[in-house]
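Below is one structure, written out as C-alpha cells; comments come after it.
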Amino acid sequence: MKIAFTTLPAPGHINPLTAVARRLQSRGHDVTFIALPYMVAPIEAAGLKCIPCDEGDLSAEWIKTTHSRLSQLDGEAAVQFSFESLGEMLRNLLNQLPATVAAAGIDALVMDATQYYLGLVPLHLGIPYVHISPGLPLDLSGATPPRFFGWPFETTL
C-alpha cells in the first residue's frame, strides 16, 4: 500500500509524524510525504521519501513571516491569527493536493489533525484516510474547552 503523509510546516508537527511514517515503513509499507518544497530536505533527512507539492501562495518567506508574527502574539490574538493562517494553508492544499495525490498513485492518506477539512481531498478521490494528532487534540465542537486556554475544574458533564 502506498501511504502519503501531510502535515503542517513546523518541527512540532513534522517530527512526530516522521516517527510514525518510519514505523509504517519498517512494516513494509511504501511511505512518502507530500509537502511544500522547502520541507522536502528535513523529511528526507529523516529517511523518508517526499514529493514536493506546488507551494502556491505559501512560499518559504510566507511561512517564516507567519511564524515570526505568531511568536509575537499571545492569548486570543494568537489563536485568531493561527486559525487565519491555517485557513490560508488549507485553501492552498485544497487547490494543490488532489492533483499531487492522483499523480503519485497514493492509496491512502495520513493527515495532520490540525489540517482541518483536508479530509475532503481523499473523500473526493475515493481513497481512505486517517487524521493523526501530533499533540493534544483540539475539539472544535464546543463540547470541551480549547487546549490552549485554562479552565476551572468541574465535576459536571
Side chain proximity check, Ile3 to Leu109, heavy atoms < 4.5 angstrom: no

Thr32 backbone acceptor or donor facing Lys2 side chain under 3.5 Å: no

Close side-chain approach of Lys49 and Val31, heavy atoms under 4.5 Å: no

Heavy-atom closest contact (Phe5 atom, Leu24 atom, distance): CZ-CD1, 3.7 Å

Contact summary for Leu73 and Ala77, nearest pair of heavy atoms: CD1-O, 3.9 Å

Side chains of Met111 and Ile132 in contact at under 4.5 Å (non-hydrogen atoms): no

Other ILVMFWY residues reachable from Val40 by side-chain steps of under 4.5 Å: none

Side-chain heavy atoms of Met39 within contact of Thr7, under 4.5 Å: yes

Student check: side-chain heavy atoms of Trp62 and Ser85 closer than 4.5 Å: yes

Partner of Phe33 under side-chain contact (heavy atoms from CB on, under 4.5 Å), chosen from Val110, Thr6, Ile14, Leu17: Leu17

Check against side chain to side chain contact (heavy atoms under 4.5 Å, CB included), Thr100 and Ile51: CA-CA 8 Å; Thr100 305; Ile51 300 167; 3.9 Å; yes

Heavy-atom closest pair, residues Pro37 and Cys53: CD-O, 3.3 Å

Atom CZ of Arg23: over 12 foreign heavy atoms under 6.0 Å: no

Non-hydrogen side-chain atoms of Ile127 and Val101 separated by less than 4.5 Å: yes

Side chain Ser68, main chain Thr65, donor-acceptor under 3.5 Å: no

Shared hydrophobic cluster for Leu70 and Val79 (ILVMFWY, side-chain gaps under 4.5 Å): no

Trace of the side-chain hydrogen bond (donor to acceptor under 3.5 Å, both in side chains) decision for Glu84 with Gln80: CA-CA 6 Å; Glu84 289 169 0; Gln80 181 176 347; 3.0 Å; yes

Leu90 side chain reached by Leu86 side chain, heavy atoms, under 4.5 Å: no

Minimum heavy-atom distance Ala113-His131, with the two atoms named: CA-ND1, 3.9 Å

Verdict with supporting geometry, Leu97 and Leu118, side chain to side chain contact (heavy atoms under 4.5 Å, CB included): CA-CA 9 Å; Leu97 194 59; Leu118 197 57; 4.0 Å; yes

Single-linkage hydrophobic cluster Leu94~Ile63, side-chain heavy atoms < 4.5 angstrom: yes

Asn92 side-chain N/O to Glu88 backbone N/O, donor-acceptor pair under 3.5 Å: no

More than 12 heavy atoms of other groups within 6.0 Å of His124 NE2: no

Heavy-atom closest contact (His13 atom, Pro16 atom, distance): O-CD, 3.4 Å

Closest contact, heavy atoms only, Asp112 versus Pro134: OD1-CD, 3.6 Å

Validation row: Gln115, Leu8 side chains within 4.5 angstrom (heavy atoms): yes

